[in-house]
Structures are given as structure tokens and as C-alpha cells.
S.K.: 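First the structure, then my questions, so here it is.
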Amino acid sequence: MKPLPRRALAVHRRLLEVYGEPVWRHPLPALDELVSTILSQNTNDLNRDRAFEALRRRFRDWEAVRDAPRRSVIAAIRPAGLANQKGPRIQSVLRQISAERGGLDLEFLRGRPPDEVRAWLLRFNGVGPKTAAIVMLFSLDMPAFPVDTHIQRVSGRLGLRPAKVTADQAHELLADLFPAEAYKAAHLNLIRLGREVCQARRPACERCPLTKWCDYFKTNGASARAKK
């Protein structure tokens with residue numbers, strides 16, 4: 001095994017020792033996950049869930065969301081923030097799917113090759129690599145490695161990606177490093193580490209279980225140890 005995949009596997013195994021096998025929230029149908037992930041952009045999980053639940057309470061089904069006055073959808077999803085952008089974006093995606101498929105159901109994607117599914121999802125305005133990867137991994141059980149801001153930061157500090165690689169580029173790069181069967185757990189545990197330990201401004205290196213493999217710690221270890 002090459003050095004970087006070996007390091008990625010070691011990181012994954014260590015995080016399993018520390019955090020255990022993570023549990024994804026209740027799995028959603030692909031269309032629900034698509035809408036939920038659009039709502040999650042630039043906000044936290046709590047606000048995303050509040051907006052998603054409000055949307056489902058306010059409208060009987062996705063057809064009703066699609067056909068509703070724009071202002072009604074915007075009002076329902078306001079807890080997620082950027083509602084004036086996300087509301088029209090969600091309605092546009094729903095209308096485009098309806099026009100192409102004659103209905104609102106993404107289960108047909110299960111029978112398609114992953115590369116084709118990714119390309120199909122990425123055609124929609126507001127659907128980037130992270131949104132497509134989340135729908136694929138958590139709703140369609142397809143191989144994809146979503147990269148959010150926490151994973152982008154942590155993977156850079158660990159030296160799993162070159163410093164200049166963008167988050168969009170990192171999806172494919174990290175997918176090549178981790179074994180496919182580890183995607184879900186590695187994704188969720190890296191996010192947890194980023195939120196609780198490897199934070200943007202003040203990473204708590206003294207509490208990090210990954211210092212053995214961390215390029216950032218090797219460079220900044222003295223200052224991190226001084227904080228103990």
C-alpha cells in the first residue's frame with residue numbers, strides 16, 4: 001500500500017478506536033436528502049433540520065413545494081439562513097426534475113453507474129460535489145466521499161492532500177485514499193474531530209488522537225505541547 005492510503009487507513013482506524021462506528025441520522029429518500037443538503041449549505045445541522053421539518057410540515061409533498069408561491073417556501077425555510085437563495089434554488093431543482101422525469105422521485109438513480117449519477121446531480125444549480133456525494137453515499141449507497149469545511153481543514157493538516165487542493169477537488173482525491181467501505185465512518189468521524197478538536201482558529205493538538213500522523217502537529221508541536 002502506498003504511503004498516503006496507508007496513512008488514511010491508519011487515521012480511519014484510530015478514529016474508530018476513539019469515536020466508534022458513527023451513526024448517520026435517519027436515512028432519507030434521495031430527493032429528501034437532496035433538499036436537506038441544499039438547506040445545510042452555510043449553516044449548522046440544527047438549523048438545517050429545523051428548516052427541513054418546517055418545510056415538510058408546511059407542504060404536504062414535494063409537488064406542493066414545487067408549485068408553491070416563492071415567498072411561502074422562503075418563509076418556511078428561514079431557519080436555515082440564506083432563504084432567499086435556497087428557496088428558489090430548491091423549487092428550481094424540483095421543477096427541473098419534474099420536467100425531465102415526469103415526477104419527483106430519484107430512486108431510478110440506484111440503477112445507474114456512480115459516475116453517471118454524480119454527473120446527473122451536478123447539472124442542477126446549487127448542487128455541488130459535496131451535495132451530490134452526500135445524496136449518493138447516504139441515500140443511494142453509492143461510493144462517494146463528501147468533503148465539507150471540517151474535512152477540508154483536517155485532511156490538509158494531516159497531509160492527506162496538497163495544500164492548494166480545493167474542497168471540490170478533494171472529493172475525488174480523498175475517495176482514492178480511503179477504502180470505499182470506510183467512506184461513511186471516515187466522513188462522519190473526521191467531521192467530529194474537526195468540530196471538537198481540530199478547530200480552525202485554535203486546534204486542540206494536545207487532545208488530538210491523530211498527532212502521530214499529523215503534518216501540522218509536526219510543524220507546530222512545540223507550541224501545542226506548551227499548552228499542556
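Please read all numbers here as calculations on a predicted model, not as lab measurements.
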S.K.: Quick one, L109 and V135 - any side-chain contact, counting heavy atoms below 4.5 Å?
M.R.: no

S.K.: Can you list everything that forms a ring pair (Phe, Tyr, Trp, His ring centres under 6.0 Å) with F59? Sequence neighbours excluded, please.
M.R.: none

S.K.: Take R118 and D115 through the side chain to side chain contact (heavy atoms under 4.5 Å, CB included) test and state the conclusion after the steps.
M.R.: CA-CA 5 Å; R118 182 179 296 105; D115 286 347; 3.1 Å; yes

S.K.: Say you draw a straight line from CG of L177 to CG of L158; how long is it, rounded to the nearest 0.5 Å?
M.R.: 11.0 Å

S.K.: Which atom pair, heavy atoms only, marks the closest approach of P114 to M142?
M.R.: CA-SD, 4.2 Å

S.K.: I'd like to check the ring pair (Phe, Tyr, Trp, His ring centres under 6.0 Å) partners of Y183; sequence neighbours left out, ordered by chain and number.
M.R.: F145

S.K.: Of all residues at least two apart in sequence or in a different chain, which pass the salt bridge (Lys or Arg N to Asp or Glu O under 4.0 Å) check with E53?
M.R.: none

S.K.: Go through the steps for Q169 and L173 under the test side chain to side chain contact (heavy atoms under 4.5 Å, CB included), then give the verdict.
M.R.: CA-CA 7 Å; Q169 295 168 336; L173 188 152; over 6 Å; no

S.K.: Do L39 and L82 sit in one hydrophobic cluster, given that two such residues count as connected whenever their side-chain heavy atoms are within less than 4.5 Å of each other, even indirectly?
M.R.: no

S.K.: Check S98 against R66 and note the closest heavy-atom contact, atom names and distance.
M.R.: OG-NH1, 2.9 Å

S.K.: Please name the pair of heavy atoms, one in H171 and one in V147, separated by the smallest distance, quoted to 0.1 Å.
M.R.: NE2-N, 3.1 Å

S.K.: What's the separation between atom CG in L94 and atom CG in L34, rounded to the nearest 0.5 Å?
M.R.: 8.0 Å

S.K.: Show me the pairs that pass ring-ring contact (aromatic ring centres under 6.0 Å, His included) and involve residues 64-104, at least two apart or across chains.
M.R.: none

S.K.: How long is the straight-line distance from CG of L210 back to SG of C205, given to the nearest 0.5 Å?
M.R.: 10.5 Å

S.K.: Within this structure, what is the CD1-CD1 distance for the pair I38 and I134, rounded to the nearest 0.5 Å?
M.R.: 11.0 Å

S.K.: Assess the pair F217 and W213: is the distance between their ring centroids shorter than 6.0 Å?
M.R.: no

S.K.: Taking atom CZ as the centre, does R195 end up with more than 12 heavy-atom neighbours from other residues, nucleotides or ligands that are less than 6.0 angstrom away?
M.R.: yes

S.K.: From F178 CZ over to L9 CG, what is the distance, rounded to the nearest 0.5 angstrom?
M.R.: 9.0 Å

S.K.: So which pairs with a foot in residues 124-150 pass side chain to side chain donor-acceptor pair (under 3.5 Å), sequence neighbours left out?
M.R.: Q41-T131, D141-K184, H150-R153

S.K.: Hey, any chance L121 and F108 share a hydrophobic cluster, counting ILVMFWY side chains that come within less than 4.5 Å of each other, even indirectly?
M.R.: yes

S.K.: For residues 68-80, run the donor-acceptor check on the side chains, cut-off 3.5 Å, and write out each pair with its distance to 0.1 Å, sequence neighbours left out.
M.R.:
none

S.K.: Of the non-hydrogen atoms in A182 and H12, which two are nearest, and what is the gap between them?
M.R.: CB-NE2, 3.5 Å

S.K.: Could you give all pairs that pass the ring-ring contact (aromatic ring centres under 6.0 Å, His included) test and reach residues 14-45, with sequence neighbours left out?
M.R.: W24-F138

S.K.: When hydrophobic residues are tied together by side-chain contacts of less than 4.5 Å, even through go-betweens, does V18 share a cluster with I191?
M.R.: yes

S.K.: Any chain of hydrophobic side-chain contacts (each under 4.5 Å) joining L28 to I90?
M.R.: yes

S.K.: Do R192 and P22 come within less than 4.5 Å of each other through their side chains, counting heavy atoms only?
M.R.: no

S.K.: I need the minimum non-hydrogen distance between I97 and F124, along with the two atoms involved.
M.R.: CG1-CZ, 3.6 Å

S.K.: Distance-only, no hydrogens or angles: does the R207 side chain make a donor-acceptor pair with backbone N or O of E196 under 3.5 Å?
M.R.: yes

S.K.: Taking all non-hydrogen atoms of both residues into account, name the closest pair between R161 and S155 and its distance.
M.R.: NE-OG, 3.2 Å

S.K.: Only counting residues at least two apart or in another chain, list the ones meeting salt bridge (Lys or Arg N to Asp or Glu O under 4.0 Å) with R89.
M.R.: none

S.K.: Could you please spell out the steps behind the side chain to side chain contact (heavy atoms under 4.5 Å, CB included) verdict for N42 and Q85?
M.R.: CA-CA 12 Å; N42 301 109; Q85 296 177 28; over 6 Å; no

S.K.: Restricting to pairs with a member in residues 162-180, which pass salt bridge (charged side-chain N to carboxylate O under 4.0 Å, His left out), not counting sequence neighbours?
M.R.: none

S.K.: What verdict does the side chain to side chain contact (heavy atoms under 4.5 Å, CB included) test give for V154 and V11, after you've listed the backbone C-alpha separation in whole Å, the side-chain angles of each residue and the deciding distance to 0.1 Å?
M.R.: CA-CA 11 Å; V154 173; V11 164; over 6 Å; no

S.K.: So which pairs with a foot in residues 27-39 pass salt bridge (charged side-chain N to carboxylate O under 4.0 Å, His left out), sequence neighbours left out?
M.R.: R25-E33, D32-R56

S.K.: R7 versus D215: any side-chain heavy-atom pair under 4.5 Å?
M.R.: yes

S.K.: Heavy atoms, side chains only, cut-off 4.5 Å: are S40 and D45 in contact?
M.R.: no

S.K.: Salt bridge (charged side-chain N to carboxylate O under 4.0 Å, His left out): which pairs involve residues 91-114, sequence neighbours left out?
M.R.: E100-R123, E107-R110, R112-E116

S.K.: How far does OG1 of T211 sit from CD of E206, to the nearest 0.5 angstrom?
M.R.: 10.5 Å

S.K.: Sub-3.5 Å donor-acceptor pair from the side chain of N189 to the main-chain atoms of G20, do we have one?
M.R.: yes

S.K.: Output all residues satisfying salt bridge (Lys or Arg N to Asp or Glu O under 4.0 Å) with E17, sequence neighbours left out; order by chain, then residue number.
M.R.: R14

S.K.: Would you find a donor on one side and an acceptor on the other, under 3.5 Å apart, between the side chain of E21 and the backbone of L16?
M.R.: no

S.K.: Can L15 be reached from Y216 by stepping across I, L, V, M, F, W or Y side chains whose heavy atoms are under 4.5 Å apart?
M.R.: no

